[in-house]
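Each chain gets a letter, A, B and so on, in the order its sequence line appears, and its residues count up from 1.
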Amino acid sequence: MEKTYNPNSIEQKIYKNWENSGYFAPSKQGDPFCIVIPPPNVTGTLHMGHAFQDTIMDTLIRYQRMKGKNTLWQVGTDHAGIATQMVVERQLEIEGISRTELGRNAFEKKVWKWKKQSGDTITRQMKRLGTSTDWTKEKFTMDDDLADGVREVFIKLYEEGLIYKGKRLVNWDPILLTALSDLEVIQSDESGHLWHFKYPINDSDNFIVVATTRPETMLGDTAVAVNPKDSRYKDLIGKVVNLPLTNRSIPIIADEYVDQDFGSGCVKITPGHDFNDFEIGKKHSLDVINIFTREASMNKSVPEKYIGLDRFEARKLIVQEMEELELIEKIEDYNLSVPRGDRSGAILEPFLTDQWFVKMQPLAEPAIRAVKKGDIKFVPENWSKTYFEWMENIQDWCISRQLWWGHRIPAWYDEDNNVYVGINEEEIRDKHNISSSTELKQDEDVLDTWFSSALWPFSSLGWPKKTYDLETFYPTSVLVTGFDIIFFWVSRMIMMGIKFMGEIPFNEIYIHGLIRDKNGQKMSKSKGNILDPIDLIDGIDLDSLVEKRTQGLMQPEMADRIIKETKKEFPNGIPEFGTDALRFTFAILATTGRDIRLDLNRVEGYRNFCNKLWNATRFVKMNTSDMVFKKEFSDFKDLNLIDKWIQSRLNDTLDTVEHNFNVYRLDIAAKALYEFIWNDYCDWYLELSKSLLNDPDRSDEEKSVTKNNLISVLEKSLRALHPIIPFITEEIWQSLIDSNASKSIMMQSFPEKYDLKITKTDYESIEWLQSFVTNVRQIRSEMNISPKEKIDVLLEETNTQDLEKLDQTSSLIKDLASLNDIKVLKKKEDTPISAIALLGKSKILIPLEGLIDIDEEMKRLKKKFDKNSSEANSVKNRLTNKDFINKAPKEVVEELKNKLEKLEFNQEKIEEQIRMLSSN
RNA sequence: AGGCGCGUAGCUCAGCUGGUUAGAGUGCUUGCUUGACAUGCAAGAGGUCGGCGGUUCGAGUCCGCCCGUGCCUACCA
């Protein structure tokens with residue numbers, strides 16, 4: 001083995017081996033355990049969030065596989081309608097071609113080409129991350145069989161009346177020229193104005209004042225509304241207003257909706273361009289005037305001079321003209337929330353179009369019940385509130401998109417615009433008896449991406465075919481996802497799963513946090529703070545990183561700032577950490593919090609952990625090369641105290657790890673393993689084993705028990721660590737034992753605890769040993785006694801228990817604390833002037849002569865005394881409180897009494913020592 | 001407006017159903033080229049757990065209010 005751990009040289013070769021050996025496929029034995037991957041978008045590459053999520057899923061899958069489950073991690077990608085179309089359109093733009101010039105078919109071909117490229121990148125990235133996904137089953141949401149499923153679902157819902165087509169106001173993106181669902185709208189707080197317009201009242205010299213944030217929409221006004229209870233305007237109800245700049249007259253109506261206290265208490269009503277106004281319009285049978293084109297410029301329904309103006313140009317002109325007509329009462333600054341498209345960033349328009357909708361309430365009800373009844377559990381549980389909140393107020397879902405990339409809506413129209421929904425044209429002609437002379441045209445629109453992802457838990461397993469995977473793995477075991485797509489995806493999967501499979505799609509939903517940068521900022525291309533997980537694995541120099549972050553920016557003016565900040569944060573680029581270090585970091589960061597800040601210092605720390613593990617192995621191998629490892633112990637009695645102790649610590653660790661893997665606390669599991677390997681195995685056990693193996697008084701047989709134990713504990717630890725850090729554990733495991741070389745750790749069982757009971761006395765002996773060593777080290781350090789200088793130590797006032805412990809451990813203590821001798825003093829013997837430490841009932845004395853500065857020692861003792869006495873006081877106070885004695889549980893009181901006794905004992909000893917030193 | 005979080009060591013975060021004077025990593029200080037590892041070893045400094053009040057024998061932990069901060073949903077003429 002090399003002296004330092006070098007991830008790059010081992011990881012890729014190991015992955016190939018796993019994949020070629022077919023280890024990722026379900027074993028077809030044991031209980032099923034299945035995770036379907038949240039399919040990444042084929043918009044480019046995986047980011048840190050994906051890597052985090054993949055680490056969690058892979059850890060769970062590997063753990064369950066080692067537990068003997070029949071595991072499947074279903075892998076695949078999402079076509080991601082708008083997002084992907086945008087990426088490709090932007091590429092075309094660079095080439096100077098527009099989508100429309102290219103035409104639908106040619107454009108689709110381009111997207112498929114891009115899909116291949118992006119999909120390959122994603123696959124490559126995932127493999128570098130070590131994901132044990134079954135690649136032979138990889139799916140894409142637009143594969144033929146998944147498309148069949150989408151059509152089947154659409155048709156069934158249509159036939160049941162759960163999908164309908166309607167002319168309704170929708171959120172319209174005038175840049176992408178498509179409708180969006182409510183969820184794709186981002187409300188952004190922006191500053192604007194509130195214009196107070198005076199509308200002249202017919203047959204009167206008076207005006208009615210309306211306030212608006214969107215002056216241009218006045219051309220589409222069809223009423224002015226006031227509150228029926230508003231005494232100011234009572235008389236105006238029913239009168240007519242001359243709408244300025246147009247030749248139209250519109251009524252003044254009364255509606256409860258109007259807030260008397262807001263603005264003037266009068267509202268202009270524009271049913272064609274405002275969701276609330278649309279509802280009011282319906283109620284009062286008002287005309288609906290659409291004044292915009294699809295691009296949100298003014299259409300032909302407005303007076304000539306406005307036609308063709310962009311909505312904001314029109315606004316300017318209208319304000320100017322109103323001003324000239326002296327019809328503006330005032331203009332106030334106003335903060336409003338502007339709806340923007342989550343992909344394009346364009347200001348959206350409520351726009352009247354024909355769209356397809358899914359009626360949600362009937363689907364939502366059983367989905368709510370499933371979570372209420374506990375059939376599906378959120379982890380952490382609290383997220384169910386978010387789920388209910390949305391589901392209980394659910395709105396119909398607009399599923400049609402005016403895009404070219406996606407599942408084409410399976411609806412055809414005849415010349416009279418009659419709609420026929422079915423699998424294809426032929427089937428429709430058959431079913432409805434339509435002759436070939438009648439022309440049928442398929443709907444141009446495609447479905448919202450999330451429509452097909454909603455089917456993913458069953459469509460990816462083969463539905464509508466009854467495949468082995470579908471029968472075996474549905475409902476899947478757990479869904480691992482971020483809270484940002486609970487509405488978009490999770491809730492819709494539950495609804496569709498129940499509807500089409502008759503069963504929930506997963507039993508548990510593990511919601512993890514979102515990876516953010518060092519400053520808590522969300523990582524995004526536009527902010528220029530993205531990190532490619534591969535760059536943490538392989539490392540990257542500063543120039544390449546800057547290049548990556550500034551390439552293809554939507555706002556090129558950001559480049560300077562991005563360059564500056566990247567240089568500041570990564571002056572030397574990013575070093576190579578390796579996949580395992582990155583994965584361990586992710587695992588240990590997977591707490592219940594929402595935001596996970598990634599600090600590269602932590603990755604470095606866990607790379608060091610990998611190196612530690614690597615070097616511990618080197619030590620073990622160097623010291624055990626002369627023996628053949630026997631996997632199981634026939635008799636634990638052969639194990640000496642130290643060997644038993646580390647096995648027992650391992651048992652405790654395995655308990656923690658197993659429990660926490662099962663409740664998705666990978667952080668606690670990872671931490672337990674880290675602490676065990678570093679603090680128990682390396683810091684103590686390996687050091688102790690050195691003296692056991694070098695002890696001339698021990699027989700070869702005894703030594704070989706310890707050697708065997710060194711391997712045994714390491715081997716089990718490797719298996720326990722494998723789900724989190726698969727590569728290094730595989731590499732080490734195969735090289736650790738000859739017979740492992742031809743096998744894989746990932747196919748081994750997860751380590752079982754040995755049925756080994758260490759007695760309390762034995763356990764205390766180790767603690768006594770550790771405490772002894774630490775005490776001596778402390779005094780050495782504080783008294784500036786060089787660590788290598790061998791010294792003598794005296795033990796005073798020892799009782800029989802301590803003597804027994806000393807008997808068991810003295811040679812070990814001598815080695816670890818580098819002592820010449822430990823001499824036990826009989827009572828009343830003259831003790832030399834010494835530094836002391838307290839250990840149980842005994843005193844450890846380090847003779848001062850030639851070594852210790854008495855003043856220093858006095859200072860040290862006084863500090864100890866103060867600390868001890870303030871603690872003793874607080875304990876005493878509690879014990880003298882009658883309420884405490886009476887009301888607290890007996891064990892607590894008892895424990896505290898023991899503590900006080902010990903504190904007081906120590907107190908006495910320290911005092912005694914101080915007296916002794918000061919008398920000299 | 002409603003909902004959900006968060007505020008613990010310089011930094012990043014653990015701390016389960018209330019019970020030793022609060023832990024980890026990283027950073028910092030001191031000393032160590034001891035043959036597994038300087039990606040290391042040993043020792044140490046550092047916190048009145050955002051504030052106030054309450055419940056309790058006992059409160060980072062439960063309750064109320066306040067301050068700061070973040071996210072989500074709805075609405076805002």
Side-chain angles (χ1 to χ4, degrees), chain A residues 1 3-5 182-183 187 194-196 210-214 217 224-225 257-259 262-270 274-277 334-337 382-383 385-386 388-390 393 483-484 486-487 514 518 520 522 575 577 581 585 588-589 591-602 604-623 663 665 667-668 671 674-675 682-683 686-687 690 774 777-782 784-788 818 867 870-871 873-875 878 881-889 891-893 895-896 898-899:
Chain A
M1 282 176 91
K3 194 175 169 188
T4 37
Y5 153 68
D182 298 345
L183 288 176
Q187 298 293 343
L194 198 55
W195 285 271
H196 295 251
V210 295
T212 180
T213 54
R214 306 200 47 200
T217 62
V224 170
Y257 157 79
V258 179
D259 178 358
F262 188 91
S264 59
C266 304
V267 187
K268 62 193 261 322
I269 302 295
T270 323
D274 183 283
F275 290 101
N276 289 313
D277 292 5
Y334 191 69
N335 290 323
L336 63 162
S337 89
N382 221 281
W383 287 109
K385 282 193 188 172
T386 307
F388 292 135
E389 189 81 13
W390 190 70
N393 298 298
F483 56 81
D484 52 335
I486 291 177
F487 307 145
L514 262 32
K518 203 180 165 187
K522 201 169 169 174
F577 294 121
T585 311
I588 216 156
L589 288 177
T591 60
T592 54
R594 290 185 181 191
D595 297 328
I596 294 159
R597 295 194 197 203
L598 188 89
D599 184 345
L600 260 43
N601 287 326
R602 297 207 60 169
E604 190 184 341
Y606 299 121
R607 183 206 52 193
N608 296 351
F609 172 69
C610 291
N611 187 58
K612 189 79 180 172
L613 185 64
W614 183 264
N615 276 289
T617 307
R618 287 181 65 227
F619 171 83
V620 170
K621 291 178 72 164
M622 282 174 193
N623 285 279
V663 295
R665 288 302 302 267
D667 60 322
I668 299 176
K671 199 176 161 202
Y674 180 99
E675 286 173 350
C682 292
D683 286 351
L686 290 191
E687 293 307 318
K690 286 176 190 172
T774 306
R777 284 174 180 167
Q778 269 167 6
I779 293 174
R780 269 181 189 280
S781 178
E782 280 169 41
N784 290 320
I785 304 168
S786 154
K788 58 193 166 185
S818 55
K867 203 178 162 196
S870 73
E871 196 173 344
N873 283 337
S874 113
V875 173
R878 273 201 280 165
N881 183 336
K882 270 187 201 137
D883 284 332
F884 174 73
I885 303 284
N886 293 333
K887 292 182 181 168
E891 313 87 72
V892 175
V893 178
E895 207 178 313
L896 215 56
N898 289 337
K899 189 177 170 183

From CZ of A:Arg780 over to C1' of B:C41, roughly how many Å is that when rounded to an integer? 14 Å

If you define the side chain from C-beta out and look only at heavy atoms, does anything of A:Val620 sit under 4.5 Å from A:Leu686? yes

d(CZ, A:Arg597; C1', B:C6) in whole Å: 11 Å

Using the C1' atom on both, measure B:U17 against B:C75 and round to a whole Å. 40 Å

Separation of B:G58 P from A:Asn886 CG (nearest whole Å): 13 Å

Does A:Asn881 form a side-chain hydrogen bond (donor to acceptor under 3.5 Å, both in side chains) with A:Arg878? I'd like the steps, not just the answer. CA-CA 5 Å; A:Asn881 183 336; A:Arg878 273 201 280 165; over 6 Å; no

Euclidean distance, atom CD1 of residue A:Ile885 to atom P of B:G19 [Å, nearest integer]: 19 Å

Establish, with yes or no, whether the OP1 or OP2 oxygen of B:C13 is under 4.0 angstrom from a side-chain nitrogen or oxygen of A:Thr591. no

For B:G7 and B:A45, measure between their C1' atoms and round to the nearest Å. 25 Å

Which of parallel (below 30°), tilted (30 to 60°) and perpendicular (above 60°) describes A:Phe483 and A:Trp383? parallel

Rounded distance in Å between the C1' positions of B:G23 and B:C49: 12 Å

Taking atom C1' of B:C71 as reference, at what distance in whole Å does atom CG of A:Asn382 sit? 13 Å

What integer number of Å spans the C1' atoms of B:A14 and B:A24? 7 Å

Do A:Lys268 and A:Asp277 have side chains that approach each other closer than 4.5 Å (heavy atoms only, starting at C-beta)? no

Per-nucleotide protein contact string for nucleotides 21-37 of chain B (B base, S sugar-phosphate only, - none; heavy atom under 4.0 Å): B---SS------S--BB

Using the C1' atom on both, measure B:U73 against B:G18 and round to a whole Å. 34 Å

With rounding to the closest Å, how many angstrom separate the P atoms on B:G50 and B:U8? 6 Å

With side-chain hydrogen bond (donor to acceptor under 3.5 Å, both in side chains) as the criterion, how do A:Arg214 and A:Thr270 come out once you've worked through the C-alpha distance, each side chain's angles and the decisive distance to 0.1 Å? CA-CA 11 Å; A:Arg214 306 200 47 200; A:Thr270 323; over 6 Å; no

Tell me: CG of A:Asn881 to P of B:G19, nearest whole Å? 18 Å

Does a nitrogen or oxygen in the side chain of A:Gln778 sit under 4.0 Å from OP1 or OP2 of B:G44? yes

Enter syn or anti for the glycosidic conformation of B:G47, syn applying to angles within 90° of 0. anti

What integer number of Å spans the P atoms of B:G47 and B:G10? 7 Å

Flag the pair A:Asn615 / A:Leu613 as yes when at least one side-chain heavy-atom distance between them is below 4.5 Å, and no otherwise. no

Determine the interplanar angle of the A:Tyr5 and A:Trp614 rings, folded into 0 to 90°, and report it as parallel if under 30°, tilted if 30 to 60°, perpendicular if over 60°. tilted

A:Gln187 has a side chain; which of B:U39, B:C75, B:G19 sits nearest to it? B:C75

A:Tyr257 near the nucleic acid: base, sugar-phosphate alone, or nothing, with a heavy-atom cut-off under 4.0 Å? sugar-phosphate

Between atom CG in A:Leu183 and atom C1' in B:A74, what is the gap in whole Å? 13 Å

Taking the side chain as every heavy atom from C-beta outward, state whether A:Phe262 and A:Val267 have any atom pair closer than 4.5 Å. no

Looking at A:Glu687, I want to see if its CD is surrounded by more than 12 non-hydrogen atoms of other residues, nucleotides or ligands under 6.0 Å. yes

Taking C-beta and beyond as the side chain, do A:Phe884 and A:Leu896 meet within less than 4.5 Å on heavy atoms? yes

Within the structure, does a side-chain N or O atom of A:Arg665 lie under 4.0 Å from either OP1 or OP2 of B:G15? yes

Suppose we screen for side-chain contact (heavy atoms from CB on, under 4.5 Å). Which residues come up paired with A:Thr617, at least two apart in sequence or across chains? A:Met1, A:Lys621, A:Leu714, A:Ile732, A:Leu736

Write down the distance between CZ (A:Arg594) and P (B:C71), rounded to a whole number of angstrom. 11 Å

Pairing stems for RNA chain B [at least three consecutive pairs; Watson-Crick or G-U; under 3.5 angstrom]: B:1-7 with B:67-73, B:10-13 with B:23-26, B:28-32 with B:40-44, B:50-54 with B:62-66

